[in-house]
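Below is one structure, written out as structure tokens; the observations come after it.
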There are 2 protein chains.
Amino acid sequence: MADQHELRDKGLRLTPQRELVLAAVRELGHATPEEVAEKVRQTHPGINLSTVYRNLETLENVGLVQHTHLGHGGATYHAAEELTHLHLVCGTCGSVGDAPIDVAANFVNALADDYGFKTDVTHFAVYGTCSACFTAESK
Amino acid sequence: MADQHELRDKGLRLTPQRELVLAAVRELGHATPEEVAEKVRQTHPGINLSTVYRNLETLENVGLVQHTHLGHGGATYHAAEELTHLHLVCGTCGSVGDAPIDVAANFVNALADDYGFKTDVTHFAVYGTCSACFTAESK
DNA sequence: GCCTAATTGCGAGTCACTTGCAGGTGTCAC
DNA sequence: GTGACACCTGCAAGTGACTCGCAATTAGGC
Ligand SMILES: [Mn+2]
Ligand SMILES: [Mn+2]
Ligand SMILES: [Zn+2]
Ligand SMILES: [Zn+2]
């Protein structure tokens, strides 16, 4: 019969650190490795930052988490389940808004049809100017 | 009468380093700060990397250059004039393809209409899987 | 239980910038 | 022209965000 635990099912060893990293990503929604470490330290104070980085990578390799780029650097991690929205990042005020992936459906199809390119619209944020900043600047 | 030089027109001092950085960005099309520095050193060997970074920032502030993110980190710079295409980055093989901005027109309009968000499709690359890698992986 | 390979913690290292500062240089006012 | 001064540059040191090597620890199969 199957392994009874999602990590073991993926062929990974079940360590407290690994479970806690995965749990933290799920609770936080979006988080930098630093934020994940901070969260994990609430219950496991000794965890090392490099362990967090390594586990995020491992969990990403088996498809349990993914990373996204919301800003000009770094990455944020989220559970693989919630690939539900794309991010609208405002370059002026830095705000991050959400939009359903459907708004990109035409775009994604066009790239598939014209270039055979299979687009993941969630990996990079969508960059631009939010409505608030746009109305402000055109005053 | 007007200043006769684009840098002075923007209110910037005209230094050899600054001119060379701008010229390098224009010649290179897309380039990392490191690549810009390398190019500039061909005619001005002594230029310091921090001078390149500072000038790229200055030139971006006055709108003569812009930066884009093609990969998971770092930025590449290009002349502001050539906002002509978007980049299709393959997460599997790392290749960077081009596509005209028009393919995103519907997407951009949808975001504008539904969210008042003014999208710059060129700031972040479009991430996904290129046709070569996609056919390979589904073999 | 025991063995082995995977994993962790720790310290050091790297990479890509960023900053402080002292000396140099465009610009503008005379 | 010449001088004053703010702006720039080069250099060296400093950061932030990872990344790596290694010895000690531990999970999981037997
Ligand atoms: Mn950017
Ligand atoms: Mn990425
Ligand atoms: Zn905004
Ligand atoms: Zn590819």
Side-chain angles (χ1 to χ4, degrees), chain A residues 1-25 30-41 43-62 64-65 67-77, chain B residues 1-25 30-41 43-62 64-65 67-77:
Chain A
M1 82 179 203
D3 244 315
Q4 239 25 17
H5 193 291
E6 59 185 334
L7 290 176
R8 311 253 21 243
D9 288 345
K10 296 288 187 177
L12 299 179
R13 283 197 184 173
L14 190 50
T15 69
Q17 291 90 336
R18 190 162 286 165
E19 276 194 289
L20 287 164
V21 166
L22 179 54
V25 169
H30 291 104
T32 63
E34 203 67 57
E35 288 164 343
V36 171
E38 200 177 319
K39 179 79 183 172
V40 172
R41 290 206 179 101
T43 52
H44 188 108
I47 196 170
N48 193 274
L49 194 51
S50 62
T51 300
V52 172
Y53 276 101
R54 288 189 281 228
N55 275 319
L56 286 171
E57 190 184 347
T58 302
L59 293 170
E60 187 160 33
N61 285 338
V62 299
L64 286 170
V65 309
H67 76 265
T68 311
H69 301 275
L70 298 184
H72 299 192
T76 67
Y77 287 81
Chain B
M1 78 175 204
D3 244 317
Q4 238 27 14
H5 193 290
E6 58 185 335
L7 290 176
R8 312 251 23 244
D9 288 345
K10 297 287 187 177
L12 300 179
R13 285 197 183 171
L14 191 51
T15 69
Q17 292 89 337
R18 190 162 286 167
E19 277 193 289
L20 287 164
V21 166
L22 179 54
V25 169
H30 291 105
T32 62
E34 203 68 56
E35 289 164 344
V36 171
E38 200 177 318
K39 180 80 183 169
V40 172
R41 290 206 178 101
T43 52
H44 187 108
I47 196 171
N48 193 273
L49 194 50
S50 61
T51 301
V52 172
Y53 275 101
R54 287 189 280 229
N55 275 320
L56 286 172
E57 189 184 349
T58 302
L59 293 170
E60 186 160 32
N61 285 338
V62 299
L64 287 170
V65 309
H67 76 266
T68 312
H69 301 274
L70 298 184
H72 298 193
T76 68
Y77 287 81

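In this text the structure is predicted, and so the values were computed from the model without any measurement. Each chain gets a letter, A, B and so on, in the order the sequences are listed, and its residues count up from 1.
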> Can you check the A/L22 CG to C/dT7 C1' distance for me, whole Å?
Replying inline: 17 Å
>> Looking at every non-hydrogen atom in both residues, tell me the closest pair between B/A37 and B/I47 and how far apart they are.
In response: O-CG2, 4.3 Å
> Using a cut-off of less than 4.0 Å, is there contact between a side-chain N or O of B/Y53 and OP1 or OP2 of C/dC17?
Replying inline: yes
> Under 4.0 Å between a side-chain N/O of A/N48 and OP1 or OP2 of C/dG11, yes or no?
Replying inline: no
>> Would you compute the distance between atom OG1 of A/T43 and atom CD of A/E19 and round it to the nearest 0.5 angstrom?
In response: 10.5 Å
> Atom OH of B/Y77 and atom C1' of C/dC17: how far apart are they, to the nearest Å?
Replying inline: 10 Å
> Has B/R41 got a side-chain N or O lying under 4.0 Å from the OP1 or OP2 atom of D/dG10?
Replying inline: no
> Hey, does the side chain of B/H5 come within less than 4.0 Å of C/dG26's phosphate (OP1/OP2), counting only N and O?
Replying inline: no
> Under 4.0 Å: is that the gap between some side-chain N or O of A/T51 and OP1 or OP2 of C/dG9?
Replying inline: yes
> Can you tell me if B/R18 uses its side chain to pair, donor with acceptor, with the backbone of B/R13 under 3.5 Å?
Replying inline: yes
> What is the distance, rounded to the nearest whole Å, between atom CG of A/N61 and atom P of C/dT7?
Replying inline: 11 Å
Show each protein N/O and nucleotides 21-24 of chain D N/O combination with a separation under 3.5 Å, one pair to a line.
unit_1	atom_1	unit_2	atom_2	d
D/dG21	O6	A/R54	NH1	3.4

> Rounded to whole angstroms, how far apart are CG on B/L12 and C1' on C/dG26?
Replying inline: 12 Å
> Who pairs with B/E38 by salt bridge (charged side-chain N to carboxylate O under 4.0 Å, His left out), at least two apart in sequence or on another chain?
Replying inline: none
>> What is the distance, to the nearest angstrom, from the CG atom on A/L20 to the C1' atom on C/dT7?
In response: 15 Å
>> Can you give me the closest heavy-atom contact between A/P33 and A/V52, atom names plus distance?
In response: O-CG1, 3.7 Å
> Taking all atoms of both residues into account, what is the closest heavy-atom pair of A/V36 and A/A31, and its distance?
Replying inline: CG2-CB, 3.9 Å
> Which whole-number value in Å describes the distance from B/R8 CZ to C/dG26 P?
Replying inline: 12 Å
>> With a 4.0 Å limit, can you tell me whether A/Q17 has a side-chain N or O closer than that to the phosphate oxygens OP1/OP2 of D/dT26?
In response: no
> Does A/H72 have any ring pair (Phe, Tyr, Trp, His ring centres under 6.0 Å) partners at least two apart in sequence or in another chain, and if so, which?
Replying inline: A/Y127, B/H67, B/H69, B/H123
>> Using a heavy-atom cut-off of 4.0 Å across all strands, would you classify B/H72 as base, sugar-phosphate, or nothing?
In response: nothing
> Under the salt bridge (charged side-chain N to carboxylate O under 4.0 Å, His left out) test, which residues partner A/E6, sequence neighbours left out?
Replying inline: A/R26
>> Can you measure A/L49 atom CG to C/dG13 atom P for me and round it to whole angstrom units?
In response: 18 Å
> In whole angstroms, how far is the C1' atom of D/dA27 from the CZ atom of A/R18?
Replying inline: 10 Å
> Residues in side-chain contact (heavy atoms from CB on, under 4.5 Å) with A/E57, at least two apart?
Replying inline: A/N61
> Does C/dA5 have OP1 or OP2 sitting under 4.0 Å from an N or O in the side chain of A/R13?
Replying inline: no
> Starting at the 5' end of DNA chain C, which residue's closest nucleotide do you reach first, A/T15 or B/P16?
Replying inline: A/T15
>> Heavy atoms only, 4.0 Å cut-off, all strands: where does B/G73 land among base, sugar-phosphate and nothing?
In response: nothing
> Per the side chain to side chain contact (heavy atoms under 4.5 Å, CB included) rule, which among B/T51, B/V21, B/L22, B/L64 passes with B/L56?
Replying inline: B/V21
> Per the end-axis method with five pairs at each terminus, what is the bend angle of the helix from C/dG1-D/dC30 to C/dC30-D/dG1, to 10°?
Replying inline: 40°
